[in-house]
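Reading through the structure tokens given below for one structure.
Chain letters run A, B, ... following the sequence lines, proteins first and then strands; every chain starts at 1.
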Number of protein chains: 2
Amino acid sequence: MSKEGEISPENYANWFALYQLCKHIEHRQTINISSVEFGKLLNLSQQTASRRINDLIELKWIKRKIENKTQKIVLTKEGSDVMLLMYKNLKNILESIVILGTVQNGMKEGAYYVSIKGYFDQFQEKLGFLPYKGTLNLELNSTNINLLREKLNNLKPVVIAGFQDNNSERTYGDVYCYDCIISRIDNPEEKINAAILDIKRTHHKKNIIEILAEPYLRDYFNLKDGDKLIIELNINR
Amino acid sequence: MSKEGEISPENYANWFALYQLCKHIEHRQTINISSVEFGKLLNLSQQTASRRINDLIELKWIKRKIENKTQKIVLTKEGSDVMLLMYKNLKNILESIVILGTVQNGMKEGAYYVSIKGYFDQFQEKLGFLPYKGTLNLELNSTNINLLREKLNNLKPVVIAGFQDNNSERTYGDVYCYDCIISRIDNPEEKINAAILDIKRTHHKKNIIEILAEPYLRDYFNLKDGDKLIIELNINR
DNA sequence: ATTACTAAAACCCGAGTAG
DNA sequence: TCTACTCGGGTTTTAGTAA
């Protein structure tokens, strides 16, 4: 076997077995499962499941106590480290994948919302810049939109507080933004601070997002429809 | 093959191959790698690596363009979904593993810090309760301390702002806390809001954490040294 | 250099069964 | 019932090699 906790071809079957075991973990890192049940979980026979458990014990990823012919399985520190390592690696991979958007025409609803005084006055303080009164529309492919959603889930939004307009009696709800950095794909070194307007509330096709920034981005980056921009999220938590 | 994106024994070798490929991803979800290099990455022969790539293409997890006998590999939406799914499952697993601590004697430095007026006055507002002027020490085993660290990494701390004491000319730094919920392991239904004092700054053995709560927890839970408590973190982001 | 076919070797799984 | 052994058969890997 290779380095401690490393997953290699000799043991990725075992890694997968550990992963399935962990899905059934209960209080105190304990799992109650027979080799027959474990076999069903893995889509494998009782015999192979039993062998897997012994492999995992040998790897020191789990411990077992047999009481009255039934086994209690406990995750060890090494075992939980293996799971943590994979989790961290996946997190890194997903975070390192650069998200790309394609410039689309139109300013859509974003421009309207940005201009409303009750919102606009909060931008300087909360985003760190006074945005251009319009948004840039970026289309993301389905790979990118999924990754973006997951990244946004793990990010704290900038909340632009809602308010009541006493003249029109209209109520304006909270607006959510996410800090980001934008650059041209053909010149990734020239970056600019920007913000993504919350994608949940827009009426768009679901794979279009709206970007806020201080300058008019089409001029700033000399953009035409179809140009590609890199969207980096600040993962500075 | 089973459900879309599901990893089963027929394809966890392929899943692992995809995972290794993703570690080498570059701009625009593209990977440049030969079958020889990929074989080395997987600790497998060039022939098997080549077959894996074809398997991944058949699974629609990647696409490939061959130019001048060299291949460019691009992750598909399905491929990134597979990675995202595993990431989310691991996240769930790690979050669902309950962290246990064992009651230890002593109040240590925590008690001193809690009592300092400059800090104490902030607790009501920031933690939602005025803590007992002492901390409960919990010892965590190495599995639990690792999991806790990872969970805290993904949590927003409650910052108790530092201040300057004009009498003693001493400067008191920021103190970090994390909201949590405590219960006896033998009665997990009776819960109480509490906070973990930042574990990084204490001079403790590294597997001891300090808990703040409104009541004197030893009385509240009728605790003696060695009793076990469940520590739940608020993952309500 | 590449990728990938074929065929033999190595490996793994599960049926039968023991404890 | 449980877990886990042996061993035959099927699957996967790799060496050799072609394109």
Side-chain angles (χ1 to χ4, degrees), chain A residues 1-2 6-22 24-26 30-76 79, chain B residues 1-2 6-22 24-26 30-76 79:
Chain A
M1 206 221 316
S2 54
E6 275 296 319
I7 319 300
S8 62
E10 306 102 76
N11 67 12
Y12 49 65
N14 289 324
W15 184 87
F16 183 70
L18 182 72
Y19 163 69
Q20 291 289 10
L21 266 185
C22 284
H24 287 245
I25 219 160
E26 292 171 40
T30 297
I31 306 131
N32 263 307
I33 197 167
S34 72
S35 57
V36 178
E37 291 173 293
F38 190 40
K40 279 179 193 158
L41 212 65
L42 296 172
N43 263 313
L44 290 171
S45 68
Q46 171 271 322
Q47 291 89 333
T48 301
S50 171
R51 220 193 8 258
R52 282 284 200 286
I53 294 196
N54 282 299
D55 291 345
L56 295 182
I57 291 168
E58 202 156 317
L59 282 163
K60 295 195 170 63
W61 291 354
I62 61 170
K63 279 182 186 168
R64 177 176 51 178
K65 292 170 192 166
I66 300 191
E67 293 168 0
N68 306 330
K69 291 186 182 173
T70 116
Q71 60 192 0
K72 278 195 176 186
I73 291 166
V74 184
L75 190 65
T76 63
Chain B
M1 205 222 316
S2 53
E6 276 294 320
I7 319 300
S8 61
E10 305 104 75
N11 66 12
Y12 50 65
N14 288 325
W15 183 88
F16 183 70
L18 182 72
Y19 163 70
Q20 290 289 8
L21 266 186
C22 284
H24 288 245
I25 219 160
E26 291 171 39
T30 297
I31 306 129
N32 264 307
I33 196 166
S34 73
S35 57
V36 177
E37 290 173 293
F38 191 39
K40 279 179 192 158
L41 212 66
L42 296 171
N43 265 312
L44 291 170
S45 67
Q46 169 272 322
Q47 292 88 334
T48 302
S50 170
R51 204 156 32 72
R52 281 286 200 290
I53 301 234
N54 283 301
D55 291 345
L56 295 182
I57 292 168
E58 202 156 317
L59 282 163
K60 296 196 168 62
W61 291 354
I62 61 170
K63 280 182 185 167
R64 176 176 52 178
K65 292 170 194 167
I66 300 191
E67 294 167 0
N68 307 330
K69 291 184 181 172
T70 118
Q71 60 192 358
K72 278 194 176 185
I73 291 166
V74 184
L75 190 64
T76 63

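- Considering only residues two or more places apart in sequence or on other chains, R52(B) meets the side chain to side chain donor-acceptor pair (under 3.5 Å) condition with Y12(A).
- One interatomic measurement links the two molecules: CG of N11(B) to P of dT12(D), which rounds to 12 Å at whole-angstrom precision.
- A donor-acceptor pair under 3.5 Å is absent between the side-chain atoms of N54(B) and the main chain of R51(B), judged by distance alone.
- Atom CD1 of I57(A) and atom CD1 of I73(A) lie 7.0 Å apart (nearest 0.5 Å).
- The OG atom of S34(B) sits 7.5 Å away from the NZ atom of K40(B) when rounded to the nearest 0.5 Å.
- Between atom CD1 of residue I62(A) and atom CD1 of residue I31(A) there is a gap of 7.0 Å, rounded to the nearest 0.5 Å.
- Put simply, CZ on F38(B) is 12 Å from P on dT13(D), counting in whole angstrom units.
- Protein chain B touches strand DNA chain C; the 5'-most and 3'-most nucleotides with an atom under 4.0 angstrom of its non-hydrogen atoms are dA1(C) to dC5(C).
- Among the atoms of the strands shown, only primed sugar atoms or phosphate atoms (P, OP1, OP2) are found under 4.0 Å from some heavy atom of L44(B).
- Rotation axes derived from the C1' atoms of the five outermost pairs at either end of the helix from dT2(C)-dA19(D) to dG19(C)-dC2(D) lie 40° apart, to the nearest 10°.
- Straight-line distance from the CD atom of E58(A) to the P atom of dA4(D): 12 Å, rounded to whole Å.
- Residue S50(A) places no side-chain N or O under 4.0 Å from the OP1 or OP2 atom of dT3(D).
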Please write out each protein N/O paired with an N/O of nucleotides 16-19 of chain D under 3.5 Å, distance rounded to 0.1 Å.
unit_1, atom_1, unit_2, atom_2, d
dG16(D), O6, Q47(B), NE2, 3.0

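- Considering only residues two or more places apart in sequence or on other chains, N32(A) meets the side chain to side chain donor-acceptor pair (under 3.5 Å) condition with none of them.
- Panel note: side chain S35(A), backbone A49(A); no donor-acceptor pair is recorded below 3.5 Å.
- Under the side chain to side chain donor-acceptor pair (under 3.5 Å) criterion, T48(A) pairs with S45(A), sequence neighbours left out.
- In this model, the phosphate group of dT14(D) is approached by a side-chain N or O of T48(B) to a distance below 4.0 Å at OP1 or OP2.
- The aromatic rings of W15(B) and Y19(B) lie parallel to each other, with less than 30° between the two planes, well short of the 60° mark.
- For R52(B), a side-chain nitrogen or oxygen approaches OP1 or OP2 of dT13(D) to under 4.0 Å.
- As a whole-Å value, the separation of I53(A) CD1 from dC5(D) P is 13 Å.
- Between S35(A) and dT3(D) there is a side-chain polar atom (N or O) within less than 4.0 angstrom of OP1 or OP2.
- S50(A) and Q47(A) share no side-chain donor-acceptor pair at under 3.5 Å.
- Considering only side-chain N and O atoms, R51(B) lies under 4.0 angstrom from the phosphate OP1 or OP2 of dT13(D).
- Listed by chain and residue number, nothing satisfies the side chain to side chain donor-acceptor pair (under 3.5 Å) test with Q20(A) (two or more places apart in sequence, or in another chain).
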